[in-house]
S.K.: 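Just dropping this structure here.
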Amino acid sequence: MVRRPPGSNSYPLGVERYDPQAVEARWQKVWADEKAFETPNPADPATDTSPRAYVLEMLPYPSGDLHMGHVTNYTMGDVVSHFRRRTGHRVLHPMGYDSFGLPAENAAIKTGGKPAEVTAKNIARIREQMLRMGWSIDWSRELSTSDPAYYRWTQWIFLRMFERGLAYKRGAAVKWCPQDQTVLANEQVIDGHCERCGTEVEARDLEQWFFRITDYADRLLDDMEKLEQWPERVLTMQRNWIGRSHGAEVQFSVVGGDEAIPVFTTRPDTLFGATFFVLAPEHPMINDLVRGTEAEAAVTEYVRRRGAESVADRMRDDRPKTGVDTGRRVLNPVTNEEIPIWVSDYVLVEYGTGAIMAVPAHDERDHAFALAFGLPIRQVVATTDVEVDVQAQAYTGAGDDAVLVNSGRFDGMTVADAKNAVPGWLAEDGRGEQKTAYRLRDWLVSRQRYWGAPIPIIDCPSCGLVPVPDADLPVRLPEIEDYAPKGRSPLAAAEEWRAVPCPSCGAAAQRETDTMDTFVDSSWYYLRYVNAHDDMEAFAKSDVDWWLPVGQYIGGVEHAILHLLYSRFFTKVLFDAGYLGFEEPFANLFTQGMIYKDGAKMSKSKGNVVAPDEIVNRYGADALRMYVLFMGPPEQDKEWSDSGVLGPSRFLDRLWKVVDRIAAETSGDPLPAPPADADGGALELLRLTHHSIQRVTEDIDRRLQFNTAIAAAMELLNGIEKQRDGLLGDRIGGQALRHAAGTLVCLVQPFAPHIAEELWETLGGSRLWETPWPIADPALLVADTFECVVQINGKLRERVQLGCGLPKDEVLAAVKALPKIAEQLEGRELVKEIVVPDKLVNIVVK
RNA sequence: GCCGGGGUGGCGGAACUGGUAGACGCACCGGACUCAAAAUCCGGCGUUGGCAACAACGUGCGGGUUCGAGCCCCGCCCCCGGCACCA
């Protein structure tokens with residue numbers, strides 16, 4: 001025991017004060033010395049059927065400062081880990097660092113150091129803070145993504161993507177952040193601004209590397225069925241992001257030319273109402289269409305002006321419609337009318353085919369455009385009863401059961417039927433076909449920055465893009481002088497490193513100088529933990545198939561469409577290539593809410609950051625762990641309260657005192673069997689104890705409701721304190737107290753493992769972290785009496801203790817005999833009597 | 001606009017399957033201990049009326065279903081998040 005001489009009057013003689021710092025340091029050392037939470041892989045995964053639990057939290061970016069979000073995230077995972085361990089599972093609970101990325105590089109540029117050194121220092125600091133929290137992590141599997149032993153395998157996976165045609169390089173209009181001096185993935189642009197630094201992004205035409213995630217769009221959507229338990233909001237976000245729409249591609253032939261321009265539409269049923277045609281300003285055919293025509297100058301000028309606009313400006317939602325007529329025409333393939341081709345920026349080049357058929361009567365945007373430029377509007381869908389007055393140029397959406405008009409052979413058909421019938425008819429002679437479009441774009445993975453995994457490709461003048469042979473991996477980051485971004489990768493300056501012979505023909509060639517997006521690194525780290533130090537392969541199939549999919553994944557909702565979508569994609573690719581036996585990485589996902597202070601996200605610039613270290617210094621890690629979970633439902637955003645942490649802190653103090661006293665005043669096992677012949681207060685305490693087991697177990701295991709689990713533990717402590725004086729001195733009472741105290745320490749252990757371990761020892765036990773989780777005795781969960789609620793006309797009028805299992809008529813008789821109830825029933829007509837067994841009685845009277 | 005989540009005391013929240021609304025904690029008020037303060041312990045704490053027993057009201061608003069609704073249904077309001085000139 002860690003003991004301090006008694007001194008405070010709150011601790012009577014013989015009881016030592018709870019000193020969290022000493023207790024926590026002691027047990028952290030024990031756990032480290034005993035490697036208490038290291039879990040080797042099974043010796044023979046093929047035959048090992050033991051229960052297992054892979055509990056994983058999203059790995060941190062090692063900024064050097066642990067923040068409250070980390071504390072919440074990793075404490076939740078730790079509670080689950082402890083619980084699974086003590087309910088007989090082999091638990092994998094690793095930790096690592098997402099250590100590539102801009103902050104370390106920017107810090108290095110600012111201070112003149114090296115990114116690797118900055119990163120190493122930050123990792124050391126954050127690890128130290130993590131150790132102080134007492135999380136039960138298997139540190140033997142620690143990894144960092146910027147370690148060559150790790151990124152070697154990131155590069156290896158890149159090459160597998162390349163082999164399968166899933167990694168490719170092409171020129172494209174991409175999003176460029178002028179502040180960070182690098183391109184960004186679509187997922188990293190929020191409302192036209194860089195997700196990292198908030199700078200407005202620009203459009204640029206550049207040769208970049210992409211992952212063909214669009215090939216997996218359907219599986220990423222359809223396999224959501226295979227996920228066990230994911231938050232609805234995350235699934236919704238992924239669905240929105242992928243944005244699948246079913247429709248048709250229809251060919252419109254250019255009048256006076258040979259070519260046809262395809263459009264994508266989700267409303268092929270309205271094809272007869274297409275009265276004009278619009279191209280996006282970036283559409284590749286524009287130049288050819290207007291060359292040498294009267295409209296050429298005006299169209300070129302319009303295209304030029306749109307191109308000069310910022311991404312954010314183009315995304316403003318209150319923009320008036322602008323556009324210009326090309327003077328050229330296309331043929332509406334069903335009406336054979338010639339309709340004008342316009343150019344307008346309300347058509348986006350990156351969605352569908354970059355061209356649309358405009359149906360102003362039934363599309364709001366086309367309608368606004370038609371009004372702005374005086375284009376004809378033709379109604380082709382009748383609303384249910386009132387015909388739209390076309391002369392008034394109204395716009396109408398129409399439900400699936402509305403009926404087609406002005407549509408030749410389709411007149412009278414419902415919208416729902418026509419959506420299939422029209423493309424089917426067009427397909428007969430090649431004018432169109434059913435088609436699905438997606439909002440999702442391919443993932444742009446190359447970055448023009450230093451601190452990332454080099455793309456393992458060599459550009460050979462004669463062979464083209466040649467993969468670095470697996471045996472030559474890793475392609476290590478070269479040492480360079482200047483990390484500052486200049487619009488091209490800093491690696492381009494490392495000329496010696498860059499110059500290599502082509503692996504294929506031996507001619508002089510150049511390395512690719514871009515590095516990979518850090519989201520590539522974190523898309524597969526959950527696999528690497530399984531064989532963290534294997535230098536022969538990225539991971540062993542037999543081992544990952546044994547441990548994965550991850551049983552419980554926990555992290556912030558901000559990764560819903562970045563990391564969580566990318567990881568699903570990686571897993572599917574590796575499955576297809578035969579490296580994995582599962583298609584989804586995370587069976588169960590839990591997204592925790594954010595912690596706010598004074599109504600705002602904690603941030604250095606707002607000065608409202610509460611540092612975990614300060615709270616640990618003052619109240620101890622156990623109190624902080626309990627408080628972040630006790631604050632509210634885990635998935636909800638929460639408001640930090642400085643005084644709130646006092647609740648759990650006082651709880652631990654009282655727990656310490658009461659267990660210390662009970663240990664001194666009674667004797668026996670740390671967790672003796674409940675005395676069989678208990679009655680009165682002892683029985684009441686035993687029942688409370690077993691109800692508490694039931695509640696805490698359910699709350700951790702089934703509901704992940706840590707706040708109510710902690711409340712249940714607090715209620716048990718209140719119950720013990722209430723009964724303590726009355727039960728002392730009595731043999732059965734003493735045993736009941738010991739049983740209750742031992743159980744409480746057991747139940748508190750996942751939340752406050754240090755104090756629990758210390759108190760368990762006080763009670764005469766050892767190694768609580770390996771002690772089986774207590775099981776509620778069903779006999780102690782049922783009572784022999786209950787408090788019967790008596791309602792008259794649904795209003796609560798009286799309560800009375802009655803025996804459990806009493807037949808209905810006896811319950812009614814007993815209730816009616818109550819003076820207050822008898823008085824209320826006096827002279828009133830009985831309408832109905834409801835008896836809910838062992839719960840309540842409701843008497844309806846007139 | 002479409003999709004998802006939410007609205008309960010002074011505050012964070014509980015009520016899991018339609019059955020005692022406000023568990024647990026914070027803050028606050030009163031008392032004990034102390035020369036005093038802090039800490040600790042005991043008690044109180046939805047609103048209104050009442051000395052009290054008790055009564056009425058009360059889960060964003062308006063309706064409905066039910067013996068009974070915070071929970072289910074219909075119609076709204078507000079807040080948070082995602083998507084959005086996506087054809």
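The shown structure was predicted, so the numbers you read here are calculated from the model rather than taken from an experiment. Reminder, nothing fancy here: chain letters follow the sequence lines and each chain counts from 1. Atoms considered below: every heavy atom in the structure, side chains included; atoms not considered: hydrogens, waters and symmetry mates.
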S.K.: Under 4.0 Å between a side-chain N/O of A:Lys795 and OP1 or OP2 of B:C57, yes or no?
M.R.: yes
S.K.: Keeping the roles fixed (side chain from A:Arg378, backbone from A:Phe272), state whether a donor-acceptor pair exists under 3.5 Å.
M.R.: yes
S.K.: Is A:Glu635 touching bases, backbone alone, or none of the nucleic acid, heavy atoms closer than 4.0 Å?
M.R.: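 Touches nothing.
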S.K.: Taking pairing as Watson-Crick or G-U wobble with both contacts under 3.5 Å, can you name the mate of B:G49, or confirm there isn't one?
M.R.: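 Pairing partner, where one exists within any strand: B:C54.
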S.K.: Taking the same atom, P, in B:C33 and in B:C42, what whole-Å distance lies between them?
M.R.: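 My reading of the P atoms in B:C33 and B:C42 gives 15 Å.
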S.K.: Grab the two heavy atoms, one from A:Lys419 and one from A:Pro268, that are nearest each other, plus how far apart they are.
M.R.: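 Distance-wise, the nearest heavy atoms are O-CG, 3.7 Å.
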S.K.: Please pick, from B:G13, B:G19, B:A87, the nucleotide with the shortest atom-to-atom distance to any side-chain atom of A:Pro633.
M.R.: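 Of the candidates, B:G13 comes closest.
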S.K.: Base of B:G9 relative to its sugar, syn (within 90° of 0) or anti?
M.R.: syn
S.K.: Can you tell me whether the side chain of A:Asn240 and the base of B:C83 have a donor-acceptor pair closer than 3.5 Å?
M.R.: no
S.K.: Can the ring centres of A:Trp342 and A:Phe276 be said to be less than 6.0 Å apart?
M.R.: no
S.K.: Is A:Lys175 salt-bridged to A:Glu187, going by a charged N under 4.0 Å from an acidic O?
M.R.: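 Answer for the salt bridge query: no.
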S.K.: Hey, does the side chain of A:Arg650 come within less than 4.0 Å of B:A27's phosphate (OP1/OP2), counting only N and O?
M.R.: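 Looking at the OP1 and OP2 atoms of B:A27, one of them is under 4.0 Å from a side-chain N or O of A:Arg650.
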